[in-house]
2 protein chains.
Amino acid sequence: MAGRIVTSVEVARRAGVSRSAVSRCFTPGASIAPETRDRVMKAAKALGYRPNAIARSLIAGRSRMIAVVIGYMENQFYPALLDRLARDLQDLGYRLLLFTGAPEGPSDALFAEILGYRVDGMILASTLLSSALADECRAAGVPVVLVNRTTDSADVSSVVADNRTGARAVAEFLLAAGHRRFGYVAGIASSSTNQDRETAFRERLAEAGIDTLLREDGGYTQQGARDATLRLLTRPDRPDAIFCANDHMAIAAMDAARVELGLRVPDDVSIVGYDDVGPASWPSYALTTVEQPVEAMVSAAVETLMARIAGEGAPERTVRIPGELVVRGSARRPVEGVTAVGGREIWRPQSLPRSAS
Amino acid sequence: MAGRIVTSVEVARRAGVSRSAVSRCFTPGASIAPETRDRVMKAAKALGYRPNAIARSLIAGRSRMIAVVIGYMENQFYPALLDRLARDLQDLGYRLLLFTGAPEGPSDALFAEILGYRVDGMILASTLLSSALADECRAAGVPVVLVNRTTDSADVSSVVADNRTGARAVAEFLLAAGHRRFGYVAGIASSSTNQDRETAFRERLAEAGIDTLLREDGGYTQQGARDATLRLLTRPDRPDAIFCANDHMAIAAMDAARVELGLRVPDDVSIVGYDDVGPASWPSYALTTVEQPVEAMVSAAVETLMARIAGEGAPERTVRIPGELVVRGSARRPVEGVTAVGGREIWRPQSLPRSAS
DNA sequence: AGAACGGATGCACACGTGTGCAAAGAGAAT
DNA sequence: ATTCTCTTTGCACACGTGTGCATCCGTTCT
């Protein structure tokens with residue numbers, strides 16, 4: 001009795017109808033008489049029948065599956081993203097096919113696997129996408145949305161935080177607090193997110209007349225960030241403010257400064273991150289950071305993807321989600337500009353008018 | 001040209017062979033002449049052909065997909081588990097269908113969805129499984145493995161840490177350090193993992209003549225753990241050692257004790273967790289905890305699942321993975337029994353002979 | 001040279017479902 | 001009573017692939 005799978009034929013026989021009638025019972029909007037439907041449903045229940053989604057996908061030409069590729073999971077941002085993504089896709093009746101461990105972008109073999117499953121769409125989070133692979137997707141008719149990465153080598157939709165605005169805000173915040181010697185702990189240099197954050201931060205400092213930014217590579221890993229921070233803070237001209245490309249590294253930076261070097265944060269050195277992941281708000285860190293709103297980013301990504309799945313008319317687009325600078329305890333506070341909003345403190349440049357919500 | 005999917009028919013036509021020959025080229029071990037294979041492969045490459053995994057699944061009767069259900073993702077243990085799981089399954093040629101947000105167990109609707117996709121197996125992490133649903137799986141011939149949960153209401157395979165031994169070790173460790181007043185921050189009471197850890201901890205204390213254990217419910221959440229810790233530590237007879245059902249809560253407990261109450265850890269109160277997740281080793285916490293080896297647990301789970309997929313002969317079994325008590329700074333150290341092994345310090349009961357590795 | 005053998009190839013069926021089309025049936029309108 | 005309309009139902013085809021079976025061909029052995 002184990003492994004016995006019931007098909008619509010058996011249900012039809014038991015209900016005394018044709019197989020088509022069974023199919024129509026499980027197809028919303030199909031023409032079926034109420035009493036026939038009842039009889040079929042009763043037979044289906046008794047036999048434990050469930051329509052075979054594989055066969056349905058084959059005939060329908062779409063699988064209702066979305067491939068999700070995530071580079072790495074150590075950074076808390078990605079589990080949070082994945083969690084939200086799974087929920088949203090489930091609510092829309094889609095299944096999530098997960099692929100992981102591809103920080104440098106999916107390999108050709110992996111890519112072939114994904115395309116072989118005839119997924120209705122792909123979401124790539126924190127992953128590079130070569131234009132060759134993007135072309136392959138276009139040829140196969142599979143819409144793609146990048147999350148937390150953009151690419152200018154190919155015309156692909158993407159959802160990112162407004163990294164340039166965020167990084168400029170960090171620079172202004174630190175300048176307003178009186179800092180003059182800055183350090184930057186970089187992520188992977190080829191990632192668009194790191195590029196945007198780094199160049200915008202550097203630009204805003206330059207606008208304030210500060211041309212030297214000490215830069216060390218953290219590679220988006222905690223070990224790398226620790227080493228980078230130690231290098232920065234053991235220099236004779238050590239910076240008194242460090243901006244880390246993300247929270248994951250900022251936490252390692254704080255530990256390196258406080259525990260390994262015995263420095264006080266923020267008295268001896270201010271540390272600011274980016275993302276506002278869960279641990280950033282843990283009291284032992286109380287990290288000042290720029291939020292990267294997971295829900296909004298996922299909503300935008302899913303919406304963009306669904307628009308492109310629905311019709312060919314939807315254009316490729318890049319969505320930039322703004323995020324507030326959340327003020328906690330890891331960086332010196334400017335005397336002005338910090339306001340309490342919704343149970344947390346945020347900072348907005350004083351010169352600009354206050355935007356909505 | 002977009003959305004055009006190439007089938008084996010077109011490849012066959014271009015290569016001047018039958019469709020069967022094309023199929024055999026993509027079936028390892030099939031009988032095919034080398035030069036035919038070359039011609040077919042060349043045609044496939046030119047047309048961008050990839051075998052349709054959906055159709056293949058339909059004919060083969062198995063989808064090479066494994067459904068993974070995870071209760072929640074806040075606790076770092078689960079992303080780590082998922083990451084490892086995805087890698088292992090990928091290496092074995094299986095795809096991972098992810099479902100999330102079901103801490104109380106998958107709903108009937110979700111379950112029907114999963115079964116509809118004719119997955120070859122299911123892995124349920126931190127999720128309850130009713131015996132009715134277990135029976136449904138058995139009837140459908142879908143092997144199931146629980147991870148980090150056991151059930152005695154149904155005969156289902158599972159992989160768990162050796163929670164009883166681990167919790168006993170914690171009790172002995174704290175007793176050896178001279179503690180006498182204990183608190184326990186519980187997880188969800190119905191979860192087997194919490195039950196095992198709590199009862200074993202309590203039993204070992206009782207064996208030492210200590211019958212009072214102050215218990216507060218943390219519900220596996222950080223908010224719950226914070227509240228529970230505050231309740232424990234503001235009592236007149238406050239405990240000087242707290243065991244939390246997992247690290248996720250232990251971290252919140254440390255923050256509540258140190259930041260909110262101004263207590264020193266471990267001088268005023270020792271705090272011990274369970275899991276050894278990433279943040280446990282962050283220097284700001286340096287949590288003393290019992291490891292729950294992710295790799296070993298995932299390996300065991302995958303192995304168990306594969307055995308049951310391969311043949312009906314494999315019996316249901318429960319695997320218990322042992323884990324060391326990792327000594328860091330969040331709990332008072334006993335004068336004896338702590339040894340350095342492989343770059344970290346672990347503790348083993350002195351009375352017992354030292355086990356291998 | 002003929003027989004035996006083994007590898008390669010094509011035919012045709014199967015997997016389980018959705019759906020267009022025609023037929024059938026019932027009810028209403030003339 | 002006849003015709004028209006609308007709903008319901010069944011037939012048959014399609015989706016893209018794997019594979020058993022028979023056939024064919026080239027090689028080797030007697």
Side-chain angles (χ1 to χ4, degrees), chain A residues 3-41 43-44 47-65 112-113 115-120 140-141, chain B residues 3-41 43-44 47-65 112-113 115-120 140-141:
Chain A
R4 185 78 206 97
I5 56 171
V6 300
T7 77
S8 57
V9 176
E10 306 172 41
V11 177
R13 180 168 5 199
R14 184 178 178 117
V17 297
S18 82
R19 204 181 49 73
S20 308
V22 178
S23 173
R24 277 185 252 267
C25 283
F26 290 91
T27 308
S31 168
I32 189 85
E35 67 266 20
T36 309
R37 181 191 191 82
D38 285 353
R39 215 164 58 240
V40 169
M41 284 309 197
L47 269 53
Y49 170 72
R50 275 273 108 197
N52 186 331
I54 297 288
R56 178 179 283 184
S57 297
L58 182 60
I59 188 77
R62 53 177 198 165
S63 60
R64 298 197 75 84
M65 296 194 297
E113 289 267 14
L115 256 40
Y117 267 90
R118 298 293 186 271
V119 293
D120 294 350
Chain B
R4 184 78 208 97
I5 53 172
V6 300
T7 76
S8 58
V9 176
E10 306 172 40
V11 177
R13 180 166 8 198
R14 183 177 179 119
V17 297
S18 82
R19 203 182 49 71
S20 306
V22 177
S23 173
R24 277 185 252 267
C25 283
F26 290 91
T27 307
S31 168
I32 188 85
E35 69 265 21
T36 309
R37 180 189 193 84
D38 284 354
R39 215 164 59 240
V40 169
M41 283 311 196
L47 268 53
Y49 171 73
R50 276 272 108 198
N52 186 331
I54 298 288
R56 178 179 282 185
S57 297
L58 183 60
I59 188 78
R62 54 179 197 162
S63 60
R64 298 197 75 83
M65 295 194 297
E113 290 268 13
L115 257 39
Y117 267 90
R118 299 294 187 270
V119 294
D120 293 350

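Order of the sequence lines sets the chain letters (A, B, ...), proteins ahead of strands, with each chain counted from 1. These numbers come from the heavy atoms of this one structure, side chains and all, not from hydrogens, waters or symmetry mates.
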If you look at every strand shown and take non-hydrogen atoms under 4.0 Å, does Ile32(A) touch a base, only sugar-phosphate, or nothing? sugar-phosphate

May I have the distance from Ile54(B) (atom CD1) to dT17(D) (atom P), rounded to whole angstrom? 11 Å

Winner on side-chain proximity to Ser8(A), out of dT17(C), dG16(D), dA12(C), is dT17(C)

Under 4.0 angstrom between Ser23(A) side-chain N/O and dG18(C) OP1 or OP2: yes

Closest heavy-atom pair and its distance - Ser8(B), Arg19(B): OG-CG, 3.1 Å

Of all the heavy-atom pairs spanning Val11(A) and Val40(A), show the shortest one and how long it is. CG1-O, 3.9 Å

With heavy atoms under 4.0 Å as the rule, sort Ser57(A) into base, sugar-phosphate or nothing. nothing

First encountered from the 5' end of DNA chain C, between Arg37(B) and Ala53(A): Arg37(B)

Of the candidates dT8(D), dG7(C), dG16(C), the side chain of Leu58(B) sits closest to dG16(C)

Ala55(A) side chain: which of dT17(D), dT17(C), dG10(D) is closest? dT17(C)

Grab the CZ-P distance between Arg24(A) and dG18(C) for me, whole Å please. 10 Å

State whether Thr36(A) places a side-chain N or O below 4.0 Å from either non-bridging phosphate oxygen (OP1 or OP2) of dT9(D). yes

With a 4.0 Å limit, can you tell me whether Ser31(B) has a side-chain N or O closer than that to the phosphate oxygens OP1/OP2 of dA8(C)? yes

What nucleotide, of dT17(D), dG7(C), dG18(C), holds the atom closest to the side chain of Arg56(A)? dG18(C)

Answer yes or no: side-chain N or O of Arg118(B) and base N or O of dG16(C) forming a donor-acceptor pair under 3.5 Å. no

Tell me whether the side-chain N/O atoms of Ser20(A) come closer than 4.0 Å to OP1 or OP2 in dG10(D). no

Contact class for Tyr49(B) (heavy atom, under 4.0 Å): base, sugar-phosphate, or nothing? sugar-phosphate

Interatomic distance where CD1 belongs to Ile59(A) and C1' belongs to dT17(C) [whole Å]: 6 Å

Taking CZ from Arg50(A) and C1' from dG16(C), how many angstroms apart are they, rounded to a whole number? 15 Å

Does OP1 or OP2 of dG16(C) have a side-chain N or O of Tyr117(B) closer than 4.0 Å? no

Report the distance from atom CZ of Arg19(A) to atom C1' of dG10(D), rounded to the nearest whole Å. 11 Å

Please classify the nucleic acid contact of Ala60(B) as base, sugar-phosphate, or nothing, using heavy-atom distances under 4.0 Å. nothing

